[in-house]
Amino acid sequence: MTFSMRRVRAIITKDWKDLLKNSYILVSILLPLGFAAMLSRMSTDDSSMLSMPINLALVMTGAFVQASMMAEEKERSTLRVLLLSPASTLEIMIGKSVLSAIITLIVVIGSIFISGINIPELFFFSIMVLLSLIIFISLGTIIGLISRTVMETSIVGLPILIIFTYGSMLSSMFDSPIITKSISYLPTENFSTALMSLQGSGGFTEIKWNLLNMLLWAICSVILAIFIYGKRRFDK
């Protein structure tokens, strides 16, 4: 079966029409922008706080918008039709992810402008955002596939929101080397560390391990999303 842009465009068009009717997605978009506006009125040099609007935009918008759109398909019983359609796994994955990626990028850019975060080394920063998009859209796909309803995505995804967005705060709350070490491997933590290094005039040498961590997360999350998609495709 050859790759068809026509099928991909059809999936994107359908998602766009569904998006306009989904108030839950609107909240996922406005919350990061609201936090960025609040941070812009605060005076802080905490690197984790400075990167939080971007991380929140990536987690809330990337993961939750994607999860909501996938779960809504299940609620309407249209996901099974899509899974059993002639469209290939690649076409469905791309079609279901493009709109979420575009919305997330818009929210990330909006959060940066509203909060006034200084972004040095645009090339490396763009790579970091791209890897994060892959990670959280894949995780959003997983959440949407395992959730039965749109509302259930909030319950399933809440631990991800807390752990990935507020990892550094959790680390300071629990004086445990194991928890601290585990949280340091999170992609959001590596994003924050890399952003701090770039703001300190660091280059590729200082952030290469952070990029490697995020790349591994991206690969693993995509593989897991495809695996769960396959299970849902053939499950009754």
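Both backbone and side-chain heavy atoms feed into the values below; hydrogens, waters and symmetry mates do not.
- The nearest pair of heavy atoms linking S221 to A218 is OG-O, 3.0 Å.
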Before you tell me yes or no, could you show the steps for W217 and F164 under ring pair (Phe, Tyr, Trp, His ring centres under 6.0 Å), namely the whole-Å CA-CA distance, both residues' side-chain angles and the distance that decides it to 0.1 Å? CA-CA 12 Å; W217 268 94; F164 281 79; 5.6 Å; yes

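- Nearest heavy atom pair, residue M60 against residue P32, reads CB-CG, 3.8 Å.
- In this structure, N190 CG and I207 CD1 are separated by 10.5 Å, a value rounded to the nearest 0.5 Å.
- When atom types are taken as modelled, the side chain of T141 and the backbone of I137 share a donor-acceptor pair closer than 3.5 angstrom.
- In this structure, CG on L145 lies 10.0 Å from CG on L224, to the nearest 0.5 angstrom.
- Minimum heavy-atom separation, A57 to V108: CB-CG2, 3.9 Å.
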Step by step, would you call L105 with L133 a side-chain contact (heavy atoms from CB on, under 4.5 Å)? CA-CA 8 Å; L105 280 175; L133 274 176; 3.7 Å; yes

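- Between atom CG of residue L216 and atom CG of residue L131 there is a gap of 10.0 Å, rounded to the nearest 0.5 Å.
- Hydrophobic clustering (side-chain heavy atoms under 4.5 Å, transitive across Ile, Leu, Val, Met, Phe, Trp, Tyr) keeps L122 apart from F113.
- Transitive grouping of hydrophobic side chains (ILVMFWY, heavy atoms separated by less than 4.5 Å) keeps I103 and I109 in distinct clusters.
- One hydrophobic cluster holds both F123 and I54 under the rule that ILVMFWY side chains link at heavy-atom gaps under 4.5 Å.
- Side-chain heavy atoms closer than 4.5 Å link hydrophobic residues (I, L, V, M, F, W, Y) into clusters, and following such links, even through other members, never connects I183 to W209.
- One finds the CZ atom of F227 at 11.0 Å from the CD1 atom of I142 (value rounded to the nearest 0.5 Å).
- Note: I135 CD1 to L130 CG = 9.5 Å, rounded to the nearest 0.5 Å.
- Between the side chains of S184 and E189, no donor-acceptor pair of N or O atoms lies under 3.5 Å.
- In plain terms, the two heavy atoms of M128 and M214 that are nearest each other are O-CE, 3.2 Å.
- A continuous path of ILVMFWY side-chain contacts below 4.5 Å connects L31 to L158, so both sit in one hydrophobic cluster.
- Contact record, I163 with L186: O-CD1, 3.4 Å, taken as the closest heavy-atom pair.
- Interatomic distance, T149 OG1 to I155 CD1, rounded to the nearest 0.5 Å: 7.0 Å.
- For the residue pair Q66 and S100, a side-chain donor N or O sits within less than 3.5 Å of a side-chain acceptor on the partner.
- The nearest pair of heavy atoms linking L58 to S132 is CD1-CB, 3.5 Å.
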Assess the residue pair I112 and F125 against the criterion (side-chain contact (heavy atoms from CB on, under 4.5 Å)); give the C-alpha distance rounded to whole Å, side-chain angles, the decisive distance to 0.1 Å, and a yes or no. CA-CA 12 Å; I112 291 171; F125 178 78; 3.7 Å; yes

Could you go through F191 and V129, starting from their C-alpha distance and side-chain angles, then the distance that decides it, and tell me whether this counts as side-chain contact (heavy atoms from CB on, under 4.5 Å)? CA-CA 8 Å; F191 185 99; V129 171; 4.2 Å; yes

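- By the side-chain hydrogen bond (donor to acceptor under 3.5 Å, both in side chains) test, T188 is found to be paired with no residue, residues two or more places apart in sequence or in another chain being considered.
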